[in-house]
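Have a look at the structure below, then the notes.
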Number of protein chains: 2
Amino acid sequence: MPTDTKSALLMTAERAARTRGFDGFSYADLAESVGIRKASVHHHFPTKAALSVALMHRYHADKEAACARVDAAEPTGGARLLALINLYREALDGGKSLCLCVSFSTSRESLPSEVTAQIGRFRMMMIGWLEATFEVGRCDGTIAGVEDPAAEAAATLPLLEGAQLAARAAENPAIFECGLKLLRQRLT
Amino acid sequence: MPTDTKSALLMTAERAARTRGFDGFSYADLAESVGIRKASVHHHFPTKAALSVALMHRYHADKEAACARVDAAEPTGGARLLALINLYREALDGGKSLCLCVSFSTSRESLPSEVTAQIGRFRMMMIGWLEATFEVGRCDGTIAGVEDPAAEAAATLPLLEGAQLAARAAENPAIFECGLKLLRQRLT
DNA sequence: GTCTATATGTGGATAGAC
DNA sequence: GTCTATCCACATATAGAC
C-alpha cells in the first residue's frame, strides 16, 4: 500500500516549507502535489496552524532520532560534530532549502504561538546535544581548543543555521562550507 | 520641514520588514502609517519589488557608512569587532526585529532577483570589512587566537546573523548574548 | 502628489452532498 | 475521505479625477 494521504501531505508540506517558506505554499499547492482537492487537505489538517504544529513536532522527533543515531555510530566527539555538520549541509540541498527550524524561525508572525514554543524546545534539545558532544570531544581530544562546552554549543547552532541561511540566499552551498571551515579545522 | 513622504515610506517599510518580514506588511499598512492612501504609495514605489530594491540599496549604504564610522572611532581590531557586535544587538531591538539582510534572506521567494544579488553584495562587503578587522586584531593583539582572518570573517557573519535569528524567534535577546559569548571572550 | 474607485488574483476556511 | 461550490478577507496593482 502506498504512503497514506496524511503522511504524504506532511512530506510535501515540509519540503515546501523548507524551500519556499511557510508563507510560500498554500493548501492549493499541497492539494495539487498530493492529487486531492483543497477541501480534502482541510480534512486532515483543519487549519494551516495545525499543520505547522504537526510539522514541527515530527521534525523535532526526527532530528532527535538522527542525533541518537550519530551517537550510536560515532564514538568520538569530533566525528559526531562532523556528522551534524554533514546533516546541515544535506538539509541545504545544494542551496535550495533550509532546515525546518530556520525556515520557521523566519516566519514567526505567520505561525501559532505553540510553534514558537516548539522552536524554542528544539533549539534547547540541539544545544544540549552539542554541549555533550563538545564535552566528549574535549575529553577524547578530537575537538581542539575546547574550554567551555556550553559556550561552544551556544555558538555552534547559530553558526550552522546562519551559514545555511546565507548559502540558501545566494543559492550557493560554498558559502556554507566557508562559514564552517574554521570549526572543521578543529576536528580530528 | 518634515521628512518627505518617500523617506517616511522607506523608514516605515524597513521597520515593518525587519519586524514582520517582507511578506508581513502591505501597502495598506504603509499607507496607514504614513497617513496617505494606498494608491499614493504606488506613486512613490510602483511595485513592492521596486520598494524592496530601494530598501536594500539604502541599507547597504547605511551599513557601509556605519562600518566606516567604527573604523574612524576605534583604532583596535578588538574594539571594532565589539562595535559591530553591538550594532547587531541593537538591530535585534530586544528580540523584536532582525537586520534587513537576515529578514530579506528569509523571504527569498517573494523578492526580485535583483535583491538576491544585492544581498550577496552586502554579505561580501561585510565579510571584507570583517576580514580586515580580524587582520588588524591579529596584528595589534586585541583579538586572541586569529590564524586565518578570512576564515574568521566567513564564520563571524553567519554567527551574528544566526544568533540574531534565534533570539528573535524566541523574542529573547539573551540567546544572542549566549551565542556571542565565546567570540567576545577573545576580545581585549 | 494625492485621491476615490475598482480590477484581479489568491489566500485560508466552511457547508453540505456523495 | 473526498468532492463541488462558495464565502470572505486581503493582497498588489491600475484608471482617471482633482
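In what follows, chains carry the letters A, B, and so on, assigned in the order in which the sequence lines appear, proteins first and then strands, with residues in each chain numbered from 1.
The list of ring-ring contact (aromatic ring centres under 6.0 Å, His included) pairs with a residue in residues 82-111 of chain B, not counting sequence neighbours, reads Phe22(B)-Phe104(B). Here side chain to side chain donor-acceptor pair (under 3.5 Å) pairs that include residues 161-175 of chain B, with residues two or more places apart or in two chains, are Arg108(A)-Glu171(B), Arg123(B)-Glu161(B). Contacts classified as ring-ring contact (aromatic ring centres under 6.0 Å, His included) and involving residues 137-172 of chain A (residues at least two apart or in different chains) are not found.
Of the residues in residues 104-118 of chain B, none has a non-hydrogen atom less than 4.0 angstrom from any atom of DNA chain C. A heavy atom lying under 4.0 Å from DNA chain C marks none of the residues of residues 9-30 of chain B.
A search for salt bridge (Lys or Arg N to Asp or Glu O under 4.0 Å) contacts involving Asp62(B) returns nothing, not counting sequence neighbours. Under the side chain to side chain donor-acceptor pair (under 3.5 Å) criterion, Thr156(B) pairs with no residue at all, not counting sequence neighbours. Partners of Arg58(A) under the salt bridge (Lys or Arg N to Asp or Glu O under 4.0 Å) rule, at least two apart in sequence or in another chain, are Glu14(A). Considering only residues two or more places apart in sequence or on other chains, Glu177(B) meets the salt bridge (Lys or Arg N to Asp or Glu O under 4.0 Å) condition with Arg89(B), Arg184(B). Every residue meeting the side chain to side chain donor-acceptor pair (under 3.5 Å) condition with Thr142(A), not counting sequence neighbours, appears here in chain and number order: Asp140(A).
Leu51(B) places its CG atom 12 Å from the C1' atom of dT12(D), with the value rounded to the nearest Å.
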Could you tabulate the donor-acceptor pairs under 3.5 Å formed by side-chain atoms of residues 31-38 of chain B, not counting sequence neighbours?
unit_1, atom_1, unit_2, atom_2, d
Ser33(B), OG, Asp29(B), O, 3.2

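In this structure, Lys48(B) and Ile36(A) both approach DNA chain D, and ranking their closest nucleotides by distance from the 5' end singles out Ile36(A).
Bounding nucleotides for the chain B contact on DNA chain C, 5' to 3', at a heavy-atom distance below 4.0 Å, are dG1(C) to dT4(C).
Within 6.0 Å of the NE2 atom in His60(A), the count of heavy atoms belonging to other residues, nucleotides or ligands exceeds 12.
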